[in-house]
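I have placed the structure first, in the form of structure tokens, so that the comments after it can refer back to it.
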Amino acid sequence: MSEQKTQTSTITVVKCMSCDYNAEREYKEGDYVMKVEGTCPKDGGKLYIAGIYMKEVRRK
Ligand SMILES: [Zn+2]
């Protein structure tokens with residue numbers, strides 16, 4: 001029997017309100033879309049959560 005292990009990890013997409021900065025990071029408990037969180041490293045603007053999605057991660 002061959003077993004292919006797949007794992008899903010939840011990714012949070014963070015965007016800046018005033019410039020085009022965006023980043024992805026691992027989902028943390030309490031994250032939700034449109035939550036304002038932190039400041040932008042580029043221009044100090046407010047960051048908000050633009051989306052949360054599941055990503056499949058293959059493990060060998
Ligand atoms: Zn910014």
Side-chain angles (χ1 to χ4, degrees):
M1 247 171 85
S2 67
E3 198 183 331
Q4 230 187 357
K5 276 202 171 180
T6 53
Q7 249 200 352
T8 53
S9 61
T10 308
I11 301 298
T12 298
V13 183
V14 179
K15 284 187 180 174
C16 176
M17 284 181 176
S18 50
C19 75
D20 63 354
Y21 175 84
N22 69 86
E24 291 187 356
R25 60 160 170 78
E26 222 165 290
Y27 172 84
K28 283 187 301 193
E29 223 179 281
D31 280 359
Y32 58 88
V33 175
M34 295 313 289
K35 181 187 182 186
V36 175
E37 181 197 73
T39 49
C40 175
K42 273 173 82 175
D43 67 352
K46 279 184 180 165
L47 295 180
Y48 69 97
I49 293 173
I52 293 165
Y53 70 93
M54 299 273 275
K55 193 158 96 176
E56 215 169 71
V57 182
R58 282 203 189 86
R59 287 207 163 172
K60 275 185 182 172

Practice problem: Only counting residues at least two apart or in another chain, list the ones meeting side-chain hydrogen bond (donor to acceptor under 3.5 Å, both in side chains) with Ser9. | Solution: none

Quiz item: For Lys42, what residues pass the salt bridge (charged side-chain N to carboxylate O under 4.0 Å, His left out) criterion, not counting sequence neighbours?
Solution: Asp20

Quiz item: Can you tell me how far the CD1 atom of Ile49 sits from the OH atom of Tyr32, to the nearest 0.5 Å?
Solution: 7.5 Å

Quiz prompt | Closest heavy-atom pair and its distance - Ala50, Lys15 | solution = CB-CD, 3.7 Å

Quiz prompt | OG1 on Thr39 to CG on Leu47, rounded to 0.5 Å | solution = 6.5 Å

Practice problem: Check the pair Lys28, Thr12 against side chain to side chain contact (heavy atoms under 4.5 Å, CB included), reporting the backbone distance first and the verdict last. | Solution: CA-CA 8 Å; Lys28 283 187 301 193; Thr12 298; over 6 Å; no

Quiz item: Is Met54 reachable from Val57 through a run of I, L, V, M, F, W or Y residues, each pair having side-chain heavy atoms under 4.5 Å apart?
Solution: no

Quiz item: According to a 4.5 Å side-chain heavy-atom criterion applied to Ile, Leu, Val, Met, Phe, Trp and Tyr, with indirect links allowed, do Met17 and Val33 form part of one hydrophobic cluster?
Solution: yes

Exercise. Report the residues that fulfil side chain to side chain contact (heavy atoms under 4.5 Å, CB included) with Asp43, sequence neighbours left out, ordered by chain and then residue number.
Key: Cys16, Ser18, Cys19, Cys40

Practice problem: With sequence neighbours excluded, give me every side-chain hydrogen bond (donor to acceptor under 3.5 Å, both in side chains) pair touching residues 45-55. | Solution: Glu24-Tyr53

Quiz item: Does Glu56 have any side chain to side chain contact (heavy atoms under 4.5 Å, CB included) partners at least two apart in sequence or in another chain, and if so, which?
Solution: Thr6, Thr8, Arg58

